[in-house]
Amino acid sequence: MVRINGFCDTLKMVDKIFSLFFHQKGRKVSDTDQPETTRRDFLYIATGAFAAGSAFAVWPLIDQMNPDASVLALSSVEVDLTPVEVGQSMTIKWRGSPIFVRRRTAEEIKQAVDVPLEDLPDPEPDSARAAKPEWLIMVGICTHLGCIPKGQSIGDERGDYGGWFCPCHGSHYDTAGRIRKGPAPLNLVIPPIAYLEETKIKIG
Amino acid sequence: MSGHSTYQPTNAVAKWFEARLPILGLVHETMVFPTPKNLNYWWTFGGILATFLVLQIITGIILAMHYTPDTGLAFESVEKIMRDVNYGWLLRYAHANGASMFFLAVYIHIFRGLYYGSYKAPRELVWIIGLVIYVAMMATAFMGYLLPWGQMSFWGATVITNFFSAFPIVGDPIVEWLRGGFVVDNPTLVRFFSLHYLLPFILVGLVAMHIWSFHVVGNNNPTGVEVKSVKADTVSFHPYYTIKDSFAIVVFMILYFYLVFYAPNLLGEADNYIKANPLVTPAEIVPEWYFLPFYAILRAVPDKLGGVLLMFASIGVLFLLPWLDTSKVRSATFRPWFRQFFFIFLAVSLGLGYLGGKPAEGGYVLASRILTAYYFAHFLIILPLVGLFETPKKLPESIAKSVLDKQGDSSGDGMVEEKA
């Protein structure tokens with residue numbers, strides 16, 4: 001019989017319930033089987049549960065450092081491409097990062113298409129970089145350590161492959177924004193783009 | 001610090017206090033701590049560092065009274081400190097140059113430990129706690145550098161937080177977590193300010209542990225021979241070393257205040273007087289001089305992850321040093337081979353610092369690679385082997401004997417080099 005009339009008895013009962021799960025070997029749960037499961041076992045389990053609970057409680061303290069709602073709210077932007085002529089570039093801001101928009105010349109497109117994929121450290125065909133070959137739209141952040149590559153303004157150094165050049169640690173990108181030479185591991189990132197009209201896009 | 005205090009309070013108030021909280025006894029024990037009598041001026045840099053920690057905290061707390069951690073106001077508030085706040089220019093220049101002097105002193109302190117084998121048993125923990133202090137100092141300096149919100153501040157923080165993006169899968173979430181956004185922005189600035197204010201107080205606690213740990217095992221000394229007789233080999237810390245340290249601090253301050261008053265921007269970057277612009281990277285990103293050797297190691301590797309890992313490893317390997325150096329003899333004075341390798345290593349470290357400030361191209365990259373390889377070889381190949389094959393010189397019998405031999409000018413074995 002299990003009587004529940006007092007704290008000690010309650011502990012004994014909890015003890016026995018736990019013993020069902022945690023002590024398998026030759027353990028019978030009955031009133032006469034007192035010394036096998038002790039209050040100390042309960043303390044161990046309670047301490048463990050408390051530690052696990054505390055670990056969960058720490059999560060808000062960690063998660064508060066992640067991008068907050070106001071940062072995430074700025075995650076899409078609409079851009080009108082009409083003012084950009086062939087051979088011109090435009091830089092816009094999306095999620096605080098620069099977005100490179102380039103209306104490529106026929107020569108630049110040809111250069112990008114003609115490169116054999118095996119020459120690329122991060123192989124990607126030009127068609128995967130620009131849905132419409134004329135418009136190349138990329139996140140303008142070097143994939144090495146986050147500098148902004150040169151090549152958007154007239155007179156900028158554009159590297160050995162005529163695209164973009166990162167002055168920080170010397171990464172060269174080609175006319176499709178693909179890494180060709182230097183420490184950057186990956187091509188410039190293509191953001192999610194949707195064409196709303198012929199010359200109007202939504203980024204993000 | 002071991003055993004009960006020998007402190008005997010004389011006046012009634014001190015007795016009353018000591019019976020309740022024996023803090024006066026603790027201070028007393030620290031001041032009369034038996035210190036080897038042969039410590040040279042290289043040993044004064046601990047005191048210099050403690051002084052700079054206090055100075056940085058004082059100037060920093062005052063600067064925080066006038067500074068605004070907000071991307072719209074930070075740059076302007078720093079200019080306001082420079083132009084409008086009474087003596088604001090002095091406090092800011094003292095704080096900025098104080099950080100440089102702090103690092104200069106810590107590098108001398110670390111190389112002193114390397115030369116005299118202060119990291120060897122039983123002082124491994126003294127060394128390791130010291131390295132934790134050094135890492136915390138670097139974190140503090142890095143976060144402080146973002147606060148003026150200039151171009152170098154912004155791009156330095158961008159590049160350094162981006163180190164973590166080199167790790168596969170977890171990399172990008174870690175970077176976003178550190179920045180509180182997709183780029184360095186207001187959340188980054190405010191959290192860096194918060195942590196920049198916090199870390200110095202953690203440093204104070206770490207310094208207390210550093211001192212405590214060598215008060216348990218005793219100071220190392222230029223001979224590397226342990227204290228054999230407290231009476232013959234040691235003197236009381238006060239007044240002997242309080243005076244010696246004070247003199248060294250005053251001399252060091254001459255250099256410090258020369259920078260503060262006559263060349264306050266010598267070690268800074270002109271680009272940091274341009275407000276941060278997230279859309280334009282400066283032509284050349286250069287970290288503060290005290291990070292240059294690590295920057296050179298980072299850029300020596302053509303692979304992103306490899307460069308980042310090697311840079312972290314260059315500090316990590318220092319934690320293993322007590323077990324990589326196989327020689328039982330501590331001081332380089334008695335280790336002819338090690339002494340040569342020490343100076344080569346010093347030159348290599350300075351060389352890496354020089355290369356870190358040069359553009360990453362051509363011969364500079366090649367030189368960085370050679371010196372980086374040597375840096376690691378020093379710890380992983382040279383030190384374990386030299387300890388096995390080197391024949392050390394004869395050690396003096398005791399600290400007292402080495403001091404007396406020197407004074408009597410009778411050439412004690414192995415002391416010739418010290419005198420030169």
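Note that these values count all heavy atoms, side chains included, but never hydrogens, waters or copies made by symmetry.
Contacts of B:Trp177 with chain A are made by both backbone and side-chain atoms, with heavy-atom separations under 4.5 Å. Contacts between B:Glu176 and chain A at a heavy-atom distance below 4.5 Å involve backbone atoms as well as side-chain atoms. Within the 4.5 angstrom heavy-atom criterion, only side-chain atoms of B:Tyr295, from C-beta onward, approach chain A. Within the 4.5 angstrom heavy-atom criterion, only side-chain atoms of B:Leu298, from C-beta onward, approach chain A.
Pairing each heavy atom of A:Arg102 with each of A:Ser89, the nearest pair is NH1-OG, 2.7 Å.
The aromatic ring centroids of B:Tyr145 and B:Phe192 lie 6.0 Å or more from each other.
Between A:Cys147 and A:Cys142, the two SG sulfurs stay at or beyond 2.5 Å from each other.
Side chain to side chain, B:Glu76 and B:Trp149 fail the donor-acceptor criterion of an N or O pair below 3.5 Å.
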